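Notes for the one structure printed next.
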Amino acid sequence: MGKIRVYKLAKELALSSKELIEILQDLDVDVSSHMSTIEDDTAKTVRDMFVEKENGSEKKSEIVKEEKDTDNEKQGETGNRDSQEKETTERHDISLPITVKELAESIDYPANDMIKKLMGLGLMANLNHPLDEDTLIMLADEIGVRINIKDTDHVSDEQEKEKRVGPKIVDKAADLQLRPPIITVMGHVDHGKTTLLDVIRQSRVAESEAGGITQHIGAYQVFINGKKITFIDTPGHEAFTAMRARGAQVTDITILVVAADDGVMPQTIEAINHAKAADIPIIIAINKIDKPNAQPDRVKQELTEHGLVPEDWGGDTICVPISALKEENINELLEMVLLVAEMEEIKANPNRYAEGIVIESELDKGRGPVATLLVKNGTMRIGDALLAGPVSGRVRAMIDDKGERINEAPPATPVEILGFSDVPAAGEFVEVLPDEKEARAVAEERKQALHQQDIQNESRISLEDLYEQI
Ligand code: GTP
Ligand code: MG
(Lines give C-alpha, C1' and ligand atoms only; values in the text may rest on other atoms or scores of the structure.)
(Ligands and ions follow the chains in the order given, each with its own letter.)
Protein backbone atom coordinates (compact mmCIF):
# COMPACT_ATOMS: atom_id res chain seq x y z
CA MET A 1 0.00 0.00 0.00
CA GLY A 2 1.43 3.36 -1.04
CA LYS A 3 1.47 6.63 0.80
CA ILE A 4 1.31 10.29 -0.16
CA ARG A 5 2.42 13.39 1.71
CA VAL A 6 -0.15 15.96 2.76
CA TYR A 7 1.36 18.85 0.80
CA LYS A 8 1.38 16.79 -2.39
CA LEU A 9 -2.26 15.80 -2.12
CA ALA A 10 -3.10 19.38 -1.17
CA LYS A 11 -1.41 20.65 -4.34
CA GLU A 12 -3.23 18.05 -6.40
CA LEU A 13 -6.59 19.16 -4.98
CA ALA A 14 -5.76 22.87 -5.20
CA LEU A 15 -6.05 23.25 -1.43
CA SER A 16 -3.63 24.61 1.09
CA SER A 17 -2.11 21.98 3.39
CA LYS A 18 -3.85 23.72 6.29
CA GLU A 19 -7.25 23.19 4.68
CA LEU A 20 -6.47 19.58 3.85
CA ILE A 21 -5.26 18.92 7.39
CA GLU A 22 -8.60 20.22 8.70
CA ILE A 23 -10.50 17.92 6.35
CA LEU A 24 -8.32 14.95 7.35
CA GLN A 25 -8.75 15.68 11.03
CA ASP A 26 -12.53 15.78 10.51
CA LEU A 27 -12.11 12.27 9.07
CA ASP A 28 -10.16 11.29 12.21
CA VAL A 29 -6.90 10.87 10.30
CA ASP A 30 -3.86 11.57 12.47
CA VAL A 31 -1.87 14.30 10.67
CA SER A 32 0.30 16.96 12.26
CA SER A 33 1.97 18.92 9.47
CA HIS A 34 2.22 19.33 5.71
CA MET A 35 5.00 16.70 5.79
CA SER A 36 2.73 14.00 7.26
CA THR A 37 1.98 11.00 5.07
CA ILE A 38 -1.40 9.40 4.58
CA GLU A 39 -2.40 6.02 3.19
CA ASP A 40 -3.47 5.79 -0.47
CA ASP A 41 -6.91 4.60 0.67
CA THR A 42 -7.42 7.75 2.71
CA ALA A 43 -6.13 9.88 -0.16
CA LYS A 44 -8.65 8.19 -2.43
CA THR A 45 -11.48 8.94 0.00
CA VAL A 46 -10.50 12.61 0.03
CA ARG A 47 -10.07 12.70 -3.75
CA ASP A 48 -13.56 11.22 -4.16
CA MET A 49 -14.92 14.07 -2.07
CA PHE A 50 -13.48 16.43 -4.65
CA VAL A 51 -14.52 14.66 -7.83
CA GLU A 52 -15.88 17.17 -10.28
CA LYS A 53 -19.64 17.31 -10.48
CA GLU A 54 -21.34 15.45 -13.29
CA ASN A 55 -22.14 18.37 -15.56
CA GLY A 56 -18.41 19.03 -15.67
CA SER A 57 -18.73 22.79 -15.31
CA GLU A 58 -18.23 23.03 -11.57
CA LYS A 59 -14.68 23.47 -10.38
CA LYS A 60 -12.95 22.14 -7.27
CA SER A 61 -12.92 25.58 -5.72
CA GLU A 62 -16.70 25.66 -5.69
CA ILE A 63 -16.91 22.33 -3.97
CA VAL A 64 -14.56 23.53 -1.27
CA LYS A 65 -16.63 26.67 -1.00
CA GLU A 66 -19.81 24.67 -0.51
CA GLU A 67 -18.22 22.72 2.30
CA LYS A 68 -17.19 25.95 3.93
CA ASP A 69 -20.67 27.36 3.50
CA THR A 70 -22.16 24.59 5.59
CA ASP A 71 -19.86 25.47 8.42
CA ASN A 72 -21.37 28.38 10.27
CA GLU A 73 -18.39 29.02 12.46
CA LYS A 74 -16.08 29.45 9.53
CA GLN A 75 -18.57 31.74 7.84
CA GLY A 76 -18.18 34.12 10.72
CA GLU A 77 -14.48 34.30 10.03
CA THR A 78 -14.66 35.00 6.33
CA GLY A 79 -15.75 38.60 6.48
CA ASN A 80 -18.91 40.59 6.17
CA ARG A 81 -22.25 39.10 5.32
CA ASP A 82 -22.81 41.09 2.16
CA SER A 83 -19.76 39.65 0.52
CA GLN A 84 -20.72 36.16 1.69
CA GLU A 85 -24.13 36.44 0.08
CA LYS A 86 -22.49 37.65 -3.07
CA GLU A 87 -20.05 34.74 -2.91
CA THR A 88 -22.76 32.12 -2.76
CA THR A 89 -24.82 33.51 -5.62
CA GLU A 90 -22.52 35.20 -8.10
CA ARG A 91 -20.36 33.27 -10.48
CA HIS A 92 -17.75 34.94 -12.64
CA ASP A 93 -16.95 33.81 -16.17
CA ILE A 94 -13.21 33.95 -16.67
CA SER A 95 -11.54 33.52 -20.06
CA LEU A 96 -7.92 32.55 -20.27
CA PRO A 97 -5.41 34.06 -20.68
CA ILE A 98 -5.98 36.58 -17.92
CA THR A 99 -3.65 38.77 -15.89
CA VAL A 100 -3.85 39.62 -12.20
CA LYS A 101 -5.12 43.11 -13.03
CA GLU A 102 -7.80 41.83 -15.40
CA LEU A 103 -8.98 39.25 -12.91
CA ALA A 104 -9.08 41.83 -10.13
CA GLU A 105 -11.26 44.06 -12.31
CA SER A 106 -13.56 41.32 -13.47
CA ILE A 107 -14.31 39.96 -9.97
CA ASP A 108 -14.14 43.40 -8.35
CA TYR A 109 -11.40 42.54 -5.86
CA PRO A 110 -8.49 44.80 -4.86
CA ALA A 111 -5.49 43.95 -7.04
CA ASN A 112 -3.03 44.54 -4.20
CA ASP A 113 -4.85 42.07 -1.95
CA MET A 114 -4.84 39.62 -4.82
CA ILE A 115 -1.06 39.95 -5.17
CA LYS A 116 -0.76 39.26 -1.43
CA LYS A 117 -2.95 36.16 -1.75
CA LEU A 118 -0.77 34.98 -4.62
CA MET A 119 2.32 35.49 -2.48
CA GLY A 120 0.64 33.33 0.13
CA LEU A 121 0.34 30.67 -2.58
CA GLY A 122 4.06 31.00 -3.23
CA LEU A 123 3.76 33.04 -6.43
CA MET A 124 5.45 36.41 -6.82
CA ALA A 125 3.22 38.18 -9.28
CA ASN A 126 2.71 41.72 -10.50
CA LEU A 127 -0.35 43.27 -12.11
CA ASN A 128 0.55 42.01 -15.56
CA HIS A 129 1.34 38.49 -14.48
CA PRO A 130 -0.68 35.95 -16.46
CA LEU A 131 -2.53 33.37 -14.37
CA ASP A 132 -2.80 29.77 -15.44
CA GLU A 133 -5.82 27.59 -14.75
CA ASP A 134 -4.42 25.87 -11.66
CA THR A 135 -3.43 29.16 -10.06
CA LEU A 136 -6.85 30.62 -10.86
CA ILE A 137 -8.59 27.74 -9.12
CA MET A 138 -6.38 28.08 -6.02
CA LEU A 139 -6.77 31.84 -5.99
CA ALA A 140 -10.55 31.72 -6.36
CA ASP A 141 -10.62 29.32 -3.46
CA GLU A 142 -8.44 31.61 -1.34
CA ILE A 143 -10.59 34.63 -2.11
CA GLY A 144 -13.84 32.71 -1.79
CA VAL A 145 -15.39 33.44 -5.19
CA ARG A 146 -16.98 31.14 -7.70
CA ILE A 147 -15.50 31.09 -11.15
CA ASN A 148 -16.23 29.41 -14.45
CA ILE A 149 -13.10 29.06 -16.50
CA LYS A 150 -13.83 29.26 -20.21
CA ASP A 151 -11.99 27.06 -22.64
CA THR A 152 -8.64 28.59 -23.61
CA ASP A 153 -8.92 27.31 -27.17
CA HIS A 154 -11.90 29.54 -27.84
CA VAL A 155 -10.00 32.75 -27.20
CA SER A 156 -9.72 34.48 -30.57
CA ASP A 157 -6.54 35.98 -31.94
CA GLU A 158 -8.11 39.42 -31.69
CA GLN A 159 -8.86 38.92 -28.01
CA GLU A 160 -5.35 37.63 -27.54
CA LYS A 161 -3.90 40.75 -29.17
CA GLU A 162 -5.91 43.02 -26.94
CA LYS A 163 -4.63 41.24 -23.90
CA ARG A 164 -1.95 42.31 -21.52
CA VAL A 165 1.72 42.73 -21.98
CA GLY A 166 3.81 39.88 -20.72
CA PRO A 167 4.38 36.32 -21.74
CA LYS A 168 1.73 35.39 -24.27
CA ILE A 169 1.90 31.69 -23.56
CA VAL A 170 -0.11 29.97 -20.87
CA ASP A 171 1.69 26.70 -20.29
CA LYS A 172 -0.09 23.58 -21.40
CA ALA A 173 0.79 20.32 -19.70
CA ALA A 174 2.31 19.01 -22.94
CA ASP A 175 4.81 21.90 -23.04
CA LEU A 176 6.18 21.23 -19.58
CA GLN A 177 9.50 19.48 -19.10
CA LEU A 178 11.34 18.42 -15.95
CA ARG A 179 13.63 21.17 -14.68
CA PRO A 180 16.34 21.07 -11.99
CA PRO A 181 14.89 21.34 -8.47
CA ILE A 182 15.66 24.53 -6.54
CA ILE A 183 16.80 23.67 -3.03
CA THR A 184 17.12 26.41 -0.44
CA VAL A 185 19.37 25.87 2.57
CA MET A 186 17.95 27.63 5.62
CA GLY A 187 18.59 27.73 9.34
CA HIS A 188 19.81 29.75 12.29
CA VAL A 189 23.01 31.78 12.12
CA ASP A 190 26.24 29.74 12.26
CA HIS A 191 24.49 26.38 12.13
CA GLY A 192 26.61 25.41 9.11
CA LYS A 193 24.60 26.19 5.96
CA THR A 194 27.47 27.62 3.92
CA THR A 195 29.88 24.93 5.10
CA LEU A 196 27.37 22.28 3.96
CA LEU A 197 27.07 23.92 0.54
CA ASP A 198 30.85 24.22 0.34
CA VAL A 199 31.14 20.48 0.82
CA ILE A 200 28.47 19.83 -1.79
CA ARG A 201 30.14 22.22 -4.25
CA GLN A 202 33.71 21.42 -3.22
CA SER A 203 34.32 25.12 -2.65
CA ARG A 204 35.44 27.28 0.26
CA VAL A 205 33.03 30.17 0.53
CA ALA A 206 32.45 29.97 4.32
CA GLU A 207 36.12 30.62 5.12
CA SER A 208 36.27 33.82 3.09
CA GLU A 209 33.12 35.42 4.52
CA ALA A 210 33.58 38.53 6.64
CA GLY A 211 33.15 37.53 10.29
CA GLY A 212 32.04 34.09 9.11
CA ILE A 213 28.55 35.45 8.51
CA THR A 214 26.72 35.12 5.20
CA GLN A 215 25.33 38.47 4.16
CA HIS A 216 23.81 37.70 0.81
CA ILE A 217 22.03 34.97 -1.09
CA GLY A 218 24.30 32.58 -2.95
CA ALA A 219 22.87 30.59 -5.84
CA TYR A 220 24.71 27.70 -7.43
CA GLN A 221 24.13 24.75 -9.74
CA VAL A 222 25.70 21.40 -8.99
CA PHE A 223 25.58 18.01 -10.68
CA ILE A 224 24.73 15.20 -8.28
CA ASN A 225 24.59 11.66 -9.64
CA GLY A 226 24.36 13.21 -13.10
CA LYS A 227 21.38 15.37 -12.13
CA LYS A 228 21.52 19.15 -12.07
CA ILE A 229 20.35 20.79 -8.85
CA THR A 230 20.10 24.50 -8.03
CA PHE A 231 21.09 25.40 -4.47
CA ILE A 232 20.33 28.67 -2.74
CA ASP A 233 22.31 29.63 0.37
CA THR A 234 20.56 32.06 2.72
CA PRO A 235 21.96 34.06 5.63
CA GLY A 236 20.91 32.97 9.11
CA HIS A 237 21.51 36.25 10.87
CA GLU A 238 18.29 37.72 12.23
CA ALA A 239 18.77 40.94 10.25
CA PHE A 240 18.19 39.17 6.94
CA THR A 241 14.55 38.11 7.18
CA ALA A 242 13.72 39.61 3.77
CA MET A 243 16.45 37.58 2.08
CA ARG A 244 15.21 34.39 3.72
CA ALA A 245 11.69 35.20 2.61
CA ARG A 246 12.98 35.58 -0.97
CA GLY A 247 14.80 32.27 -0.70
CA ALA A 248 11.60 30.61 0.48
CA GLN A 249 9.63 32.13 -2.40
CA VAL A 250 11.77 30.61 -5.10
CA THR A 251 12.36 27.21 -3.60
CA ASP A 252 10.97 23.74 -4.30
CA ILE A 253 12.51 21.99 -1.29
CA THR A 254 14.05 23.35 1.92
CA ILE A 255 17.05 21.82 3.64
CA LEU A 256 16.78 23.05 7.20
CA VAL A 257 20.15 22.95 8.93
CA VAL A 258 19.99 22.65 12.73
CA ALA A 259 23.22 22.49 14.75
CA ALA A 260 23.11 19.56 17.16
CA ASP A 261 24.96 21.55 19.83
CA ASP A 262 22.59 24.51 19.66
CA GLY A 263 19.17 23.10 18.78
CA VAL A 264 16.09 24.78 17.37
CA MET A 265 16.59 28.57 17.49
CA PRO A 266 14.52 31.60 16.38
CA GLN A 267 15.59 31.55 12.72
CA THR A 268 15.06 27.77 12.63
CA ILE A 269 11.46 28.42 13.62
CA GLU A 270 11.19 31.23 11.09
CA ALA A 271 12.36 28.86 8.35
CA ILE A 272 9.85 26.17 9.44
CA ASN A 273 7.09 28.77 9.22
CA HIS A 274 8.18 29.92 5.75
CA ALA A 275 8.17 26.34 4.48
CA LYS A 276 4.83 25.53 6.09
CA ALA A 277 3.19 28.69 4.72
CA ALA A 278 4.37 27.92 1.20
CA ASP A 279 3.76 24.15 1.45
CA ILE A 280 7.37 23.38 0.70
CA PRO A 281 8.79 20.00 1.75
CA ILE A 282 11.44 20.19 4.46
CA ILE A 283 14.43 17.92 4.89
CA ILE A 284 16.23 18.35 8.20
CA ALA A 285 20.03 18.20 8.34
CA ILE A 286 21.07 17.83 11.98
CA ASN A 287 24.58 19.26 11.66
CA LYS A 288 27.75 19.30 13.79
CA ILE A 289 27.21 15.75 15.09
CA ASP A 290 31.02 15.55 15.40
CA LYS A 291 30.94 17.94 18.36
CA PRO A 292 31.27 16.37 21.81
CA ASN A 293 28.30 18.37 23.09
CA ALA A 294 26.06 17.39 20.14
CA GLN A 295 22.57 16.33 21.19
CA PRO A 296 20.73 15.18 18.08
CA ASP A 297 17.87 13.72 20.13
CA ARG A 298 17.26 17.06 21.77
CA VAL A 299 16.98 18.61 18.28
CA LYS A 300 14.44 15.94 17.32
CA GLN A 301 12.45 16.63 20.46
CA GLU A 302 12.40 20.35 19.71
CA LEU A 303 11.39 19.76 16.09
CA THR A 304 8.51 17.60 17.30
CA GLU A 305 7.31 20.54 19.35
CA HIS A 306 7.02 22.42 16.05
CA GLY A 307 5.00 19.73 14.34
CA LEU A 308 7.93 18.05 12.57
CA VAL A 309 8.11 14.51 13.91
CA PRO A 310 11.22 12.63 12.68
CA GLU A 311 10.69 9.42 10.71
CA ASP A 312 12.56 7.29 13.25
CA TRP A 313 10.23 8.61 15.93
CA GLY A 314 7.20 7.42 13.99
CA GLY A 315 6.65 10.70 12.15
CA ASP A 316 7.16 11.78 8.54
CA THR A 317 9.96 14.31 8.67
CA ILE A 318 13.18 13.20 7.03
CA CYS A 319 16.09 13.92 9.40
CA VAL A 320 19.68 13.21 8.44
CA PRO A 321 22.43 13.61 11.05
CA ILE A 322 25.50 15.10 9.36
CA SER A 323 28.80 16.79 9.95
CA ALA A 324 29.44 19.35 7.24
CA LEU A 325 32.91 19.98 8.63
CA LYS A 326 33.98 16.33 8.74
CA GLU A 327 31.98 15.55 5.56
CA GLU A 328 29.96 12.84 7.28
CA ASN A 329 26.67 11.54 5.89
CA ILE A 330 26.56 14.16 3.13
CA ASN A 331 25.75 11.55 0.48
CA GLU A 332 22.87 10.24 2.59
CA LEU A 333 21.47 13.77 2.81
CA LEU A 334 21.82 14.30 -0.95
CA GLU A 335 20.11 10.98 -1.66
CA MET A 336 17.14 12.17 0.36
CA VAL A 337 17.12 15.45 -1.54
CA LEU A 338 17.13 13.64 -4.89
CA LEU A 339 14.40 11.30 -3.70
CA VAL A 340 12.09 14.10 -2.62
CA ALA A 341 12.90 16.08 -5.80
CA GLU A 342 12.03 13.09 -7.95
CA MET A 343 8.68 12.69 -6.21
CA GLU A 344 7.93 16.35 -6.78
CA GLU A 345 8.24 16.10 -10.60
CA ILE A 346 9.18 19.76 -10.90
CA LYS A 347 8.43 21.05 -14.38
CA ALA A 348 8.69 24.19 -16.48
CA ASN A 349 8.34 25.21 -20.10
CA PRO A 350 11.76 26.10 -21.53
CA ASN A 351 10.20 27.26 -24.81
CA ARG A 352 8.60 30.48 -23.65
CA TYR A 353 9.64 33.95 -22.60
CA ALA A 354 11.51 33.76 -19.33
CA GLU A 355 10.11 34.69 -15.95
CA GLY A 356 12.07 34.84 -12.77
CA ILE A 357 12.78 36.62 -9.54
CA VAL A 358 15.51 39.09 -8.63
CA ILE A 359 17.33 37.49 -5.74
CA GLU A 360 19.97 40.19 -5.50
CA SER A 361 20.83 43.48 -7.15
CA GLU A 362 23.36 46.29 -6.89
CA LEU A 363 24.82 49.22 -8.75
CA ASP A 364 28.30 48.21 -9.81
CA LYS A 365 30.67 51.12 -10.45
CA GLY A 366 32.07 49.68 -13.64
CA ARG A 367 29.23 47.54 -14.95
CA GLY A 368 26.16 49.56 -13.98
CA PRO A 369 23.04 47.87 -12.59
CA VAL A 370 23.66 44.18 -11.95
CA ALA A 371 20.93 41.77 -10.91
CA THR A 372 21.11 38.10 -10.00
CA LEU A 373 17.96 36.39 -11.18
CA LEU A 374 16.64 32.96 -10.75
CA VAL A 375 14.88 31.94 -13.94
CA LYS A 376 11.82 29.98 -12.86
CA ASN A 377 10.17 29.38 -16.20
CA GLY A 378 11.11 29.86 -19.85
CA THR A 379 14.57 30.53 -21.22
CA MET A 380 16.36 33.88 -20.89
CA ARG A 381 18.50 34.90 -23.86
CA ILE A 382 20.92 37.68 -24.78
CA GLY A 383 18.96 40.56 -26.31
CA ASP A 384 15.70 39.78 -24.46
CA ALA A 385 13.60 42.79 -23.39
CA LEU A 386 13.27 42.86 -19.61
CA LEU A 387 10.65 44.21 -17.27
CA ALA A 388 11.05 44.13 -13.47
CA GLY A 389 8.58 46.36 -11.64
CA PRO A 390 9.27 49.94 -12.71
CA VAL A 391 12.58 49.01 -14.36
CA SER A 392 13.11 47.85 -17.93
CA GLY A 393 16.16 46.83 -19.89
CA ARG A 394 17.68 44.48 -22.42
CA VAL A 395 19.90 41.52 -21.60
CA ARG A 396 23.40 42.67 -22.58
CA ALA A 397 25.33 39.90 -20.87
CA MET A 398 24.61 36.88 -18.69
CA ILE A 399 27.10 35.36 -16.29
CA ASP A 400 26.56 32.02 -14.60
CA ASP A 401 27.50 30.94 -11.06
CA LYS A 402 30.98 29.94 -12.23
CA GLY A 403 31.68 33.40 -13.63
CA GLU A 404 31.29 32.22 -17.23
CA ARG A 405 29.41 34.21 -19.85
CA ILE A 406 26.40 32.35 -21.17
CA ASN A 407 23.92 33.02 -23.99
CA GLU A 408 20.95 31.10 -22.65
CA ALA A 409 19.57 30.53 -19.17
CA PRO A 410 16.96 27.75 -19.06
CA PRO A 411 14.56 27.18 -16.10
CA ALA A 412 16.14 27.00 -12.61
CA THR A 413 19.32 28.82 -13.69
CA PRO A 414 20.71 31.45 -11.36
CA VAL A 415 22.21 34.13 -13.57
CA GLU A 416 23.76 37.56 -13.24
CA ILE A 417 22.26 39.97 -15.74
CA LEU A 418 23.74 43.15 -17.15
CA GLY A 419 21.49 45.48 -19.10
CA PHE A 420 18.86 46.84 -16.71
CA SER A 421 18.36 50.60 -17.07
CA ASP A 422 18.22 50.94 -13.29
CA VAL A 423 18.70 48.63 -10.29
CA PRO A 424 15.61 46.40 -9.94
CA ALA A 425 14.51 45.73 -6.37
CA ALA A 426 15.45 42.37 -4.87
CA GLY A 427 12.37 40.16 -4.75
CA GLU A 428 10.89 41.79 -7.87
CA PHE A 429 9.21 39.58 -10.44
CA VAL A 430 11.04 39.72 -13.78
CA GLU A 431 9.51 38.98 -17.14
CA VAL A 432 10.70 39.03 -20.71
CA LEU A 433 8.48 40.91 -23.13
CA PRO A 434 8.45 40.51 -26.91
CA ASP A 435 9.41 44.11 -27.44
CA GLU A 436 11.81 46.47 -25.66
CA LYS A 437 9.71 49.56 -26.41
CA GLU A 438 6.72 47.95 -24.77
CA ALA A 439 8.84 47.05 -21.72
CA ARG A 440 10.03 50.63 -21.46
CA ALA A 441 6.50 52.00 -21.75
CA VAL A 442 5.13 49.69 -19.05
CA ALA A 443 8.08 50.47 -16.76
CA GLU A 444 7.48 54.19 -17.27
CA GLU A 445 3.76 53.79 -16.47
CA ARG A 446 4.62 51.96 -13.28
CA LYS A 447 7.19 54.55 -12.31
CA GLN A 448 4.60 57.28 -12.75
CA ALA A 449 2.07 55.32 -10.69
CA LEU A 450 4.61 54.83 -7.90
CA HIS A 451 5.53 58.51 -8.03
CA GLN A 452 1.85 59.43 -7.79
CA GLN A 453 1.46 57.12 -4.81
CA ASP A 454 4.48 58.69 -3.11
CA ILE A 455 2.97 62.16 -3.55
CA GLN A 456 -0.33 60.95 -2.08
CA ASN A 457 1.41 59.32 0.86
CA GLU A 458 3.46 62.42 1.51
CA SER A 459 0.42 64.71 1.41
CA ARG A 460 -1.47 62.36 3.70
CA ILE A 461 1.40 62.37 6.16
CA SER A 462 1.62 66.15 6.13
CA LEU A 463 -2.15 66.43 6.66
CA GLU A 464 -1.90 64.02 9.56
CA ASP A 465 0.98 66.07 10.94
CA LEU A 466 -1.15 69.15 10.61
CA TYR A 467 -4.06 67.59 12.51
CA GLU A 468 -1.68 66.45 15.20
CA GLN A 469 -0.41 69.97 15.60
CA ILE A 470 -3.91 71.47 15.86
P1 GTP B 1 25.33 32.16 8.47
O2 GTP B 1 25.35 32.10 7.00
O3 GTP B 1 26.05 33.35 8.98
O4 GTP B 1 23.96 32.04 9.05
O5 GTP B 1 26.15 30.87 9.02
P6 GTP B 1 26.14 29.41 8.38
O7 GTP B 1 24.94 28.68 8.84
O8 GTP B 1 26.38 29.50 6.91
O9 GTP B 1 27.38 28.75 9.13
P10 GTP B 1 28.84 28.48 8.52
O11 GTP B 1 28.79 27.43 7.47
O12 GTP B 1 29.46 29.76 8.19
O13 GTP B 1 29.52 27.80 9.79
C14 GTP B 1 29.63 28.45 11.03
C15 GTP B 1 30.74 27.81 11.84
O16 GTP B 1 30.39 26.48 12.19
C17 GTP B 1 32.06 27.73 11.08
O18 GTP B 1 33.09 28.00 11.97
C19 GTP B 1 32.12 26.30 10.61
O20 GTP B 1 33.42 25.81 10.45
C21 GTP B 1 31.40 25.59 11.76
N22 GTP B 1 30.79 24.34 11.32
C23 GTP B 1 29.96 24.15 10.26
N24 GTP B 1 29.61 22.87 10.17
C25 GTP B 1 30.23 22.21 11.19
C26 GTP B 1 30.25 20.84 11.61
O27 GTP B 1 29.65 19.94 11.04
N28 GTP B 1 30.99 20.57 12.75
C29 GTP B 1 31.68 21.51 13.41
N30 GTP B 1 32.35 21.13 14.48
N31 GTP B 1 31.68 22.79 13.03
C32 GTP B 1 30.97 23.15 11.93
MG1 MG C 1 26.33 31.06 5.69
Side-chain angles (χ1 to χ4, degrees), residues 182-222 229-251 253-275 280 282-300 302-303 306 308 310 318-337 359-360 362 372 374 401 414 426:
I182 302 168
I183 319 279
T184 301
V185 183
M186 302 193 104
H188 197 72
V189 68
D190 264 357
H191 278 199
K193 300 174 287 297
T194 306
T195 309
L196 170 63
L197 271 180
D198 278 349
V199 176
I200 294 172
R201 300 170 55 221
Q202 298 297 315
S203 58
R204 283 168 175 266
V205 172
E207 280 174 18
S208 59
E209 286 177 337
I213 288 184
T214 303
Q215 304 200 20
H216 68 107
I217 291 185
Y220 317 98
Q221 284 199 310
V222 186
I229 298 189
T230 303
F231 282 102
I232 311 272
D233 188 12
T234 62
H237 191 280
E238 59 180 330
F240 301 120
T241 306
M243 283 190 209
R244 283 188 292 277
R246 275 200 305 278
Q249 269 163 31
V250 295
T251 199
I253 297 168
T254 295
I255 297 182
L256 180 61
V257 177
V258 191
D261 61 338
D262 203 22
V264 169
M265 298 299 278
Q267 271 62 55
T268 320
I269 298 168
E270 189 196 298
I272 294 174
N273 290 337
H274 278 312
I280 295 160
I282 301 181
I283 296 170
I284 309 280
I286 303 181
N287 192 28
K288 308 199 184 185
I289 52 160
D290 58 290
K291 284 197 145 186
N293 55 344
Q295 290 181 279
D297 278 353
R298 200 192 84 190
V299 174
K300 288 181 183 174
E302 288 167 348
L303 288 169
H306 292 277
L308 296 175
I318 301 167
C319 283
V320 187
I322 62 161
S323 166
L325 197 71
K326 307 273 182 214
E327 304 193 15
E328 275 172 42
N329 262 355
I330 306 297
N331 284 339
E332 284 73 1
L333 175 67
L334 291 175
E335 267 167 33
M336 288 300 160
V337 170
I359 52 178
E360 252 163 348
E362 61 167 0
T372 304
L374 189 68
D401 56 328

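Nothing here was measured: the structure is a model prediction, and the numbers come from that model. Atoms within a ligand are numbered from 1 in the order they appear, just like the ligands themselves.
Looking only at protein heavy atoms, the nearest one to atom 14 (C) of ligand 1 is Asp190 OD1, 3.4 Å. What sits closest to atom 6 (P) of ligand 1 on the protein, heavy atoms only, is Lys193 N, 3.5 Å. Nearest protein heavy-atom contact of atom 11 (O) of ligand 1 is Thr195 OG1, 2.5 Å. Taking atom 20 (O) of ligand 1 as the reference point, the nearest protein heavy-atom neighbour is Leu325 CD1, 3.7 Å.
Here Thr194 meets the criterion, with an N, O or S atom under 2.8 Å of the Mg ion (ligand 2). Taking 2.8 Å as the criterion, Thr214 counts as a coordinating residue of the Mg ion (ligand 2), since one of its N, O or S atoms falls below it.
Those atoms of ligand 1 with a heavy atom of Gly212 less than 4.0 angstrom away are 3 (O), 12 (O). Close approach of ligand 1 to Lys291 is summarised as follows: ligand atoms under 4.0 Å from at least one heavy atom of the residue are 30 (N). For ligand 1, the atoms closer than 4.0 angstrom to any heavy atom of Thr214 are 1 (P), 2 (O), 3 (O), 8 (O). Residue contact check: Val189 has heavy atoms under 4.0 Å from atoms 3 (O), 4 (O) of ligand 1.
In this comparison of His216, Lys288, Glu327, Glu207, the heavy atom closest to atom 15 (C) of ligand 1 sits on Lys288. Relative to atom 9 (O) of ligand 1, the option among Ala260, Pro292, Gly187, Gly192 with the closest non-hydrogen atom is Gly192.
Less than 4.0 angstrom separates atom 4 (O) of ligand 1 from at least one non-hydrogen atom of the protein. By the definition of a contact as any protein heavy atom under 4.0 Å away, atom 25 (C) of ligand 1 is in contact.
Polar contact with ligand 1: present for Asn287 (N/O pair, distance under 3.5 Å). Below 3.5 Å of separation, one finds an N or O of Gly236 facing an N or O of ligand 1.
In this structure, Ser208 contributes its side chain and Val205 its backbone to a donor-acceptor pair below 3.5 Å. Looking only at distances, no side-chain donor or acceptor of Glu327 sits under 3.5 Å from a matching main-chain atom of Val199. Lys326 places no side-chain N or O within 3.5 Å of a backbone atom of Ile289 that could act as its donor or acceptor partner. Arg244 places a side-chain N or O within donor-acceptor distance of the main-chain N or O of Pro235, the cut-off being under 3.5 Å. Formation of a donor-acceptor pair under 3.5 Å by the His237 side chain with backbone atoms of Val189 is not found in this model.
Using a 3.5 Å distance cut-off with no hydrogens or angles, the side chains of Thr184 and Thr254 do not pair a donor with an acceptor. With no hydrogens or angles considered, a side-chain donor-acceptor pair links His191 and Asp262 at under 3.5 Å. His274 and Glu270 share a donor-acceptor pair across their side chains, judged by distance under 3.5 Å alone.
At a heavy-atom cutoff of 4.0 Å, ligand 1 is contacted by the side chain of Asp290 but not by its backbone.
With respect to Lys193 and Asp233, no salt bridge is recorded, no charged nitrogen being found less than 4.0 Å from a carboxylate O.
For the pair Ile282/Ile253, no side-chain contact is recorded, criterion being any heavy-atom separation below 4.5 Å from C-beta on. The side-chain heavy atoms of Ile182 and Phe231, taken from C-beta on, include no pair separated by under 4.5 Å.
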